[in-house]
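First comes the structure, then the notes that go with it.
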Amino acid sequence: MDISKKEKFHNDVEKLRQFMLSTQWMLLLCCFAAIFVTFKLEIVGTLVFAVIVGISLVINDDFMASLMPFLLTYMIAIKNYDSFDIFMQYIWIAIPLSLMIISHFVLYRKKYKRNMTIKGSQFKPMLLVSFAIVLGGFGFIKKEEFFALTSVYHMIALGFGMLLLYLLFYANIDVNPKYSMINMLTRIMVIAGLFASFMIISHYLININYVIDRITTHKSIYVQWRNNLSTILMICIPFAFLQANKKSYYTIVGFIYYAAILLTGSRGGLLFGGIELAMCIIMFVLYDTRRRLAYIFICACLAFAFMIFSRQFFDFFGYTFNRLLTALSDFLAGESQETRAIHCARGINDFLNHPIFGTGLGYMGNRDVFPSKEFALCWYHCEVIQIPASFGLFGIIAYVYQFIKRNILLWKKATLFNMTIFLSYISLEMMSLVNPGILAPIPYLLLITIFMVIVEKCDKGEYQEKIYIRKKKKESEE
């Protein structure tokens, strides 16, 4: 290959890489993914998009190019409830995927320099958490449960495996002089939220006859994957408000995401998504002073529309509200027979009986409460119960330390971007009070790990205007 051909090939590859970071490519991927979702081809769609993620990692030296197809892969996959046996038929695909992932970090590795920092602020807390996970159940859990494939996978993925990914991300993700990483992540998460909203709308349209029937009985339709989709939407809501920092009408997109959450019928999404939405409004009204009036005007218009259609709203969503209020009242009265409430009681007893290291992730002694699906842990469905029950006092110390370090990172440099990540992270923590949430390694813990790396890199390498939680002190007295 002569020099001119080499240059042409290099230029063509560079153009392809740039295209894979463009909004057009992301929207094209969404249209492609919509075909699989609409025509109920979720198994095929999951596999196809997993391959697209791998190809993106091979072609593009920029890790951000693979984030959009990764999110789409997960959103397609969540419709495949209890499909472990089906996916195991395609386990062979893990081999080329693993090779493509490894090749990315090999081909595009950065050369180590003497003064180069190889680990960030989250290394120590993640290391401590990794030890807490491995030691979970020490002296109690059965050998068969500890070394079960499900247990080993989750221990690695939540612990030392995620720590290794953190180090790889920290070494390979960096501020790109060709574009703003903050804007890129915001764009990806906004588009991901729009696709998630499309998923629930298309689900309603596909089942339109059933929807009409449910309207007469004032009930939203059943969506099995409601909690996972609601969690994704809650992660995306703050990014819609950050995008509104440039184009005010994106505030409406944040409300669209919450409306989609309501349509899922998720009680956790209804409650915690509502709290998150209020936090986003307060945060951006207070600190995005240039567009404060626009936010207030848009929110006032939406509030006025809600007042007009409040009766229809509560007629349709009343069933979800009633389920939520009934669950809360029964729980507070100590009379709840819901699986989550029973798991909480079991979790407290498990901690009290095994206070140092807990019962371990692989402990299956509570499957009589809810028989978990194939390749799923026996979740307590509440992070503040799961951590003490599974990892004991050691786990509490490790996870509290990690929570503090994450918040120190996000608050030490108060910018709208860092506050967006904070709101997104806290929304996931709230949802984790009623679901596995952040204790699910793919995609939630992985996403938060990536977010933390990006915050660290952007704090150092990308200009951001600070916001002031307190009023600035006058530099000189009058």
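Sequence positions, counted from 1, serve as the residue numbers for this chain.
How far NZ of Lys413 is from CD of Gln464: 5.0 Å, rounded to the nearest 0.5 Å. Taken to the nearest 0.5 Å, the OH atom of Tyr90 stands 6.5 Å off from the CG atom of Leu47. In this structure, Met430 CE and Ile438 CD1 are separated by 12.0 Å, a value rounded to the nearest 0.5 Å. Interatomic distance, CD of Glu429 versus CZ of Phe422, reported as 10.0 Å (0.5 Å rounding). For the atom pair CG of Leu167 and CZ of Phe123, the computed distance is 5.5 Å after rounding to the nearest 0.5 Å.
Gln122 places no side-chain N or O within 3.5 Å of a backbone atom of Thr449 that could act as its donor or acceptor partner. Panel note: side chain Tyr108, backbone Ser103; no donor-acceptor pair is recorded below 3.5 Å. In terms of modelled atom types and a separation under 3.5 Å, the side chain of Lys79 and the main chain of Glu42 share no donor-acceptor contact. A distance-only check finds a donor-acceptor pair linking the side chain of Thr73 to the backbone of Phe49 [under 3.5 Å]. Judged by distance alone, with hydrogens and angles left aside, the side-chain atoms of Ser180 form a donor-acceptor pair with the main-chain N or O of Asn183 at under 3.5 Å. For the pair Arg340 (side chain) and Val434 (backbone), a donor-acceptor distance under 3.5 Å is present. Here the side chain of Asn418 pairs no donor or acceptor atom with the backbone of Ala414 at under 3.5 angstrom. Remark: side-chain polar atoms of Ser424 are not paired, donor with acceptor, to backbone N or O of Thr420 under 3.5 angstrom.
Aromatic ring centroids of Phe131 and Phe160 lie under 6.0 Å apart. Separation of the Tyr363 and Tyr380 ring centroids does not fall under the 6.0 Å cut-off.
Annotation: side chain of Leu57 is not in contact with side chain of Phe70 (no heavy-atom distance under 4.5 Å). Counting only heavy atoms from C-beta outward, the side chains of Tyr258 and Leu270 approach each other to under 4.5 Å. Phe32 is not listed as a side-chain neighbour of Leu72, based on a closest heavy-atom distance of 4.5 Å or more. Taking the side chain as every heavy atom from C-beta outward, Ile261 and Ile200 never approach each other to under 4.5 Å. Taking the side chain as every heavy atom from C-beta outward, Ile43 and Phe36 never approach each other to under 4.5 Å. You'll find the side chain of Met64 stays beyond 4.5 Å of the side chain of Asn176, heavy atoms only.
The two residues Ile385 and His343 make their nearest non-hydrogen contact at CG2-O, 4.3 Å. In plain terms, the two heavy atoms of Met184 and Leu21 that are nearest each other are CE-O, 3.4 Å. Heavy atoms only, all atoms of each residue included: Leu423 and Met279 are closest at CD2-CE, 3.5 Å. What you find for Leu158 and Val129 is that their closest heavy atoms are O-CG1, 4.4 Å. For the pair Ile188 and Met68, the tightest heavy-atom approach, listed with the atom from each and the gap, is O-SD, 3.8 Å. Residues Ser121 and Glu456 come closest through the heavy atom pair N-OE1, 2.8 Å.
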Intermediate values then yes/no, side-chain contact (heavy atoms from CB on, under 4.5 Å), Ile133 and Phe391: CA-CA 6 Å; Ile133 290 170; Phe391 314 122; 3.9 Å; yes

Pair Asn228-Tyr444, side-chain hydrogen bond (donor to acceptor under 3.5 Å, both in side chains): steps then yes or no: CA-CA 10 Å; Asn228 279 314; Tyr444 305 122; 3.1 Å; yes

Working for side-chain contact (heavy atoms from CB on, under 4.5 Å), residues Ser197 and Leu233: CA-CA 8 Å; Ser197 302; Leu233 284 163; 3.6 Å; yes

side-chain contact (heavy atoms from CB on, under 4.5 Å) between Asp288 and Met283, worked out: CA-CA 8 Å; Asp288 187 3; Met283 177 69 74; over 6 Å; no

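The aromatic rings of Phe195 and Phe198 sit tilted, their planes meeting at an angle between 30° and 60°. The aromatic rings of Trp379 and His154 stand perpendicular to each other, their planes meeting at an angle above 60°, with 30° marking the opposite boundary. Between Phe169 and Phe63, the ring planes lie tilted relative to each other; the angle falls in the 30° to 60° range.
For Arg109, the CZ atom is loosely surrounded, since the number of other residues' heavy atoms within 6.0 Å does not exceed 12.
Partner of Phe239 under the ring pair (Phe, Tyr, Trp, His ring centres under 6.0 Å) criterion, chosen from Phe284, Phe451, Tyr250: Phe451.
Under 3.5 Å, the side chains of Asn80 and Thr46 contain a donor-acceptor pair of N or O atoms. For the residue pair Arg267 / Asn227, no side-chain donor-acceptor distance below 3.5 Å is found, with atom types taken as modelled.
Within the structure, salt bridge (charged side-chain N to carboxylate O under 4.0 Å, His left out) contacts touching residues 164-184 (residues at least two apart or in different chains) are Glu14-Lys178, Lys110-Asp174.
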